[in-house]
Amino acid sequence: MTDHHPTTQTTPKDFLFATLGGLFAPGVAIFMIVMLFLGIQGRMGEADAAPAAEKEIQARIQPFGSFVAVDPNAPKVELTGEQVYGQVCANCHGSGALGSPKFESAADWGPRLAQGYETLLGHALSGIRSMPARGGEPDLTDLEVARGMVYMANSAGAQFEAAVGKDKVPTVAELTRGREVYATDCAYCHDTGLTGAQKLDDAKAWSVLLKKSREVLYGNAIQGTLGGPAKGGNAKLSDEDTRLAVDYMIEQARVAMPGVKAAEAQVGG
Ligand code: HEC
Ligand code: HEC
């Protein structure tokens, strides 16, 4: 075998082209980048003179674009009831899995609706029996859970409106009743701090608790937490009375916080 393969040999001409190409390619790239930059600048300049229609489109897409891409700290847009239902609750409530009340079934929901909005929401937030807290989706906000709950309840004949009671201002009558309940069923732990119960004048502990919504605190008081017994250990206490005791506790705790003035409805003593 004396034949050499002809194409493996680099002629001076090949070499020259290859070298020029190698030098030239970055030049082309730089040229293109510069052109791109000029193009963008040009278009930015044009925006001022853009026809009204184009401006309108820009205005329409702008808030959406800035929410998604620019500000990761912008408040999240909360899901609608239908979305919450579809993404989370339908997994069980669509078919009645695990004995859950089925979507659109007035028979399933009837007796449950009779418990009232607050109780249902408390159960949806804190869970009850095989119903997991927040439908097993801890990232849902209170309002989203409320919306999902209302979407289902209304499908079965209720006429609820989704709301969470952050801004509730208890009436004097409610706080008076709450104070009575508190005195008989809650004070011996929450006045003393027994077993780690948050004392009402413990601003630090309550600043943590008050980050939760009223409904979550209601739910936890009614259902109990790891350390706190359900309804303060008094099974005979109604859900409503437990909620009023929580309202009273929230009110007292808020008053004990530095810089917080007593609400008008505050009960003396
Ligand atoms: C893993 C299954 C499952 C998912 C997911 C689920 N639920 Fe439930 N849910 C149940 C079951 C089971 C019950 C019945 C519990 C019982 O009464 O024993 C129930 C009951 C309820 C009740 C009635 C509680 C009462 O007091 O009678 C509400 C309200 C409720 N769910 C809301 C929701 C909402 C809102 C979602 C979605 C965010 C959701 N659920 C997702 C299983 C589920
Ligand atoms: C036997 C003692 C005891 C009694 C009685 C008691 N609690 Fe508690 N409670 C606790 C303890 C302990 C905690 C703290 C639990 C924890 O950190 O998980 C707590 C926590 C709470 C919380 C905060 C729940 C949360 O979200 O972390 C609320 C609200 C509450 N109790 C309400 C009540 C109400 C209302 C009553 C009376 C009806 C009551 N408690 C009676 C011991 C008690």
Side-chain angles (χ1 to χ4, degrees), residues 79 81 83-103 108-142 144-153 156 158 160 162 178 180-200 202 205-206 208-239 241-250 253:
L79 301 174
Q83 288 169 330
V84 173
Y85 171 74
Q87 292 176 24
V88 183
C89 320
N91 289 326
C92 293
H93 290 271
S95 60
L98 305 174
S100 57
K102 212 168 148 184
F103 190 68
D108 282 3
W109 279 97
R112 296 177 187 270
L113 296 181
Q115 302 175 98
Y117 177 85
E118 299 269 13
T119 297
L120 287 170
L121 181 54
H123 291 166
L125 289 167
S126 304
I128 181 169
R129 297 178 285 268
S130 338
M131 160 72 201
R134 293 171 198 269
E137 192 53 67
D139 288 344
L140 290 179
T141 64
D142 294 352
E144 285 173 329
V145 174
R147 286 176 177 170
M149 193 274 277
V150 166
Y151 184 74
M152 288 197 285
F160 293 142
E180 283 167 21
V181 177
Y182 177 81
T184 49
D185 288 303
C186 322
Y188 66 93
C189 290
H190 285 279
D191 267 5
T192 56
L194 198 71
T195 65
Q198 295 89 346
K199 287 170 73 177
L200 301 191
D202 183 345
W206 277 91
V208 175
L209 288 183
L210 292 180
K211 290 209 178 88
K212 306 179 189 184
S213 71
R214 207 174 274 269
E215 278 77 10
V216 167
L217 294 176
Y218 288 160
N220 290 348
I222 292 168
Q223 307 272 312
T225 56
L226 271 183
K231 300 183 172 182
N234 177 2
K236 289 205 191 100
L237 200 60
S238 69
D239 286 5
D241 274 349
T242 311
R243 280 193 288 269
L244 293 177
V246 173
D247 283 341
Y248 172 76
M249 291 166 79
I250 290 174

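In what follows, every heavy atom counts, from backbone to side chain, and hydrogens, waters and symmetry copies are set aside. Both counts, for ligands and for their atoms, begin at 1 and track the order of listing. Note that the numbering runs from 1 along the sequence shown for the chain.
The K212 neighbourhood of ligand 2 comprises atoms 25 (C), 26 (O), 27 (O), with distances under 4.0 Å to a heavy atom of that residue. Those atoms of ligand 2 with a heavy atom of G196 less than 4.0 angstrom away are 12 (C), 14 (C). Those atoms of ligand 2 that come under 4.0 Å of a heavy atom in A221, given as number and element, are 32 (C). Near C189, meaning under 4.0 Å from one of its heavy atoms, ligand 2 places the atoms 1 (C), 2 (C), 3 (C), 4 (C), 5 (C), 42 (C), 43 (C). For ligand 2 and A245, the ligand atoms under 4.0 Å from any heavy atom of the residue are 35 (C). Each of the atoms 23 (C), 25 (C), 27 (O) of ligand 2 lies under 4.0 Å from some heavy atom of L209. With ligand atoms numbered from 1 in the order given, ligand 2 contributes 38 (C) to contacts under 4.0 Å with heavy atoms of L237. Near V246, the atoms of ligand 2 lying under 4.0 angstrom from a non-hydrogen atom of the residue are 35 (C).
Under the salt bridge (Lys or Arg N to Asp or Glu O under 4.0 Å) criterion, D239 pairs with K231, sequence neighbours left out.
Counting only N and O atoms by type, the side chains of R243 and T119 include a donor and acceptor under 3.5 Å apart.
Ligand 2 is approached by P229 to a heavy-atom distance shorter than 4.0 Å. Residue contacts with ligand 1: M152 is included, with a non-hydrogen atom under 4.0 Å away. Heavy-atom separations between W109 and ligand 1 include at least one value shorter than 4.0 Å.
The proximity of N234 to ligand 2, defined as any non-hydrogen pair under 4.0 Å, does not occur for either the backbone or the side chain. Contacts between Y182 and ligand 2 below 4.0 angstrom, taking non-hydrogen atoms only, are absent altogether. Looking at T119 against ligand 1, nothing comes within 4.0 Å, counting heavy atoms.
Summary of contacts: the protein heavy atom closest to atom 24 (C) of ligand 2 is N220 CB, 3.8 Å. Counting only heavy atoms of the protein, atom 14 (C) of ligand 2 lies nearest to Q198 OE1, 3.5 Å. If you check which protein heavy atom lies closest to atom 11 (C) of ligand 2, you get A197 CA, 3.5 Å. Shortest contact from atom 29 (C) of ligand 2 to any protein heavy atom: L217 O, 3.8 Å. Of all protein heavy atoms, the one closest to atom 18 (O) of ligand 2 is T225 OG1, 3.3 Å. When only non-hydrogen protein atoms are considered, atom 5 (C) of ligand 2 lies nearest to D185 O, 3.3 Å. In this structure, atom 15 (C) of ligand 1 lies nearest to the protein heavy atom I128 O, 3.8 Å. Shortest contact from atom 8 (Fe) of ligand 2 to any protein heavy atom: H190 NE2, 2.0 Å. For atom 17 (O) of ligand 1, the closest non-hydrogen atom of the protein is R112 NH1, 2.8 Å. The protein atom (non-hydrogen) at minimum distance from atom 12 (C) of ligand 2 is T195 O, 3.2 Å.
Any protein N/O/S atom under 2.8 Å from atom 8 (Fe) of ligand 1 was counted, giving 2 altogether.
In terms of N/O distances under 3.5 Å, ligand 1 is approached by H123.
Between H93 and W109, the ring planes lie parallel to each other; the angle is under 30°, not in the 30° to 60° tilted range.
Taking all heavy atoms of G232, A183, C186, A230 into account, the minimum distance to atom 38 (C) of ligand 2 is reached by C186.
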